[in-house]
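First the proteins, then the strands, lettered A, B, ... as listed; each starts at 1. Quick caveat: nothing in here was measured; it's all calculated off a predicted structure.
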Amino acid sequence: MRIATWNVNSLKARMDRVEEFLGYAEVDVLCLQETKMTNAAFPALAFHELGYDSVHHGQGQWNGVAILSRVGLTDPAEGFGSKFTDPYEGDARLVAATCGGIRIVSVYVPNGREVGTDHFVRKLEWFSVLRAWLAANHSPEDAIAILGDYNVAPTDNDVWKVEAFEGATHVTEAERDAITALCDWGLSDAFRVVYPIQDQLFSYWDYRAGDFQSHRGVRIDLALTSKSVTDRLTWAVIDRNARKGTKPSDHTPVIFDLD
DNA sequence: ATGGTAGCCCTGCTA
């Protein structure tokens with residue numbers, strides 16, 4: 001089983017590239033973030049014709065998350081539900097479904113903008129709610145995989161140059177602690193199971209200033225997997241070619257193979 | 001050099 005995550009930065013602008021990706025990548029499950037469209041505009045029929053069932057939690061101008069699956073898709077759920085107060089209430093940032101026996105969650109964690117802002121505080125709160133939601137709805141014994149744009153580089157090996165991120169978001173101790181808290185519950189950063197210490201392996205490069213061509217990137221698109229999923233993990237790949245060519249997203253797909 | 005680009009909508013906001 002092959003699962004993947006991709007922040008497409010507008011599905012409308014990226015549909016050709018997504019269809020191209022589905023044509024060569026042979027993914028069974030694909031989590032999308034930043035679809036930036038309403039549910040009414042979501043091209044479920046086009047995906048169905050390519051063999052994928054789908055669930056989309058859309059908003060419109062911003063955010064928007066989806067799951068595509070060709071190994072079944074049942075029990076779809078959107079957001080944290082009524083038992084939790086979402087610090088970014090109204091944003092479409094989480095959707096879940098069971099695909100091929102695994103509870104798949106597609107997340108778009110808030111960016112946080114600047115350290116010290118209200119947005120940053122609520123980013124950390126969003127992580128707290130995610131952990132509470134996880135603990136309330138699942139056991140670490142479950143087969144669960146939370147894939148998406150976490151807007152956090154978990155270690156210094158996940159940024160192109162540590163000095164370039166002094167005082168910046170995505171690398172603070174508080175944000176990294178939030179990832180650690182999810183891992184302490186019973187999840188693993190699946191990419192680091194395959195590549196424990198290798199650096200300069202990125203999933204996002206800013207469009208500006210030739211950052212991609214100059215290898216100035218970060219690894220913020222992650223799959224956090226419970227033990228039974230992690231134990232099945234055989235390989236992980238970053239599809240750098242998807243960052244090249246005509247109208248690329250600023251993120252690449254990150255792909256995981258399970259036995 | 002507080003720059004740069006891309007995508008959305010009301011010509012600014014978000015990333």
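Atom CG in A/D206 sits roughly 10 Å away from atom P in B/dA6 (whole-Å rounding). Regarding A/K36, its NZ atom lies at a distance of 13 Å from the P atom of B/dA6, rounded to whole Å. To the nearest angstrom, P of B/dT14 lies 11 Å from CZ of A/R122. Taking atom CZ of A/F120 as the reference point, atom P of B/dA15 lies 14 Å away to the nearest angstrom. Taking atom CE of residue A/M15 and atom P of nucleotide B/dG7, one finds them 16 Å apart after rounding to whole Å. Remark: C1' of B/dT14 and CZ of A/R208 are 10 Å apart, rounded to the nearest angstrom. As a whole-Å value, the separation of A/Y108 OH from B/dC8 P is 13 Å. In this structure, the CD atom of A/E34 is 19 Å from the P atom of B/dT5, given to the nearest Å.
For A/R14, the side-chain atoms get nearest to B/dA6 when compared with the rest of B/dA15, B/dA6, B/dC8. Proximity note for A/Y207 (side chain, C-beta onward) versus B/dA15, B/dC8, B/dT5: the nearest is B/dT5. Considering only the side chain of A/N111, B/dA15 comes nearest among B/dA15, B/dC8, B/dG7.
For the C1' atom pair drawn from B/dG7 and B/dA1, the interatomic distance equals 25 Å after rounding to whole Å. B/dC9 and B/dT14 have their P atoms separated by 15 Å, with the value rounded to a whole Å. On the P atoms, B/dT2 is 26 Å away from B/dT11, given to the nearest whole Å.
By the neighbour-count criterion of 12 heavy atoms within 6.0 Å, atom CD of A/E114 is sparsely surrounded, having that number or fewer from other residues, nucleotides or ligands. Atom CD of A/E173 has 12 or fewer neighbouring heavy atoms from other residues, nucleotides or ligands inside a 6.0 Å radius.
Of the two residues near DNA chain B, A/A209 and A/W62, the one whose nearest nucleotide lies more 5' is A/A209. Position along DNA chain B of the nearest nucleotide to A/P248 versus A/H251 favours A/P248 as the more 5'-ward residue.
Pairs of residues two or more places apart, or lying in two chains, that qualify as ring-ring contact (aromatic ring centres under 6.0 Å, His included) and include a residue from residues 224-259 of chain A are A/Y195-A/W235, A/Y204-A/H251.
Within 4.0 Å of A/F212, counting heavy atoms only, lies no atom of the nucleic acid at all.
A sub-4.0 Å separation between OP1 or OP2 of B/dG7 and a side-chain N or O of A/K247 is present. In terms of phosphate contacts, A/R113 brings a side-chain nitrogen or oxygen within less than 4.0 Å of OP1 or OP2 of B/dA15.
Salt bridge annotation for A/R232-A/D259: absent, with no cationic side-chain nitrogen under 4.0 angstrom from a carboxylate oxygen. Between A/E89 and A/R122, none of the side-chain N atoms (NZ, or NE/NH1/NH2) sits under 4.0 Å from a carboxylate O, so this pair counts as no salt bridge.
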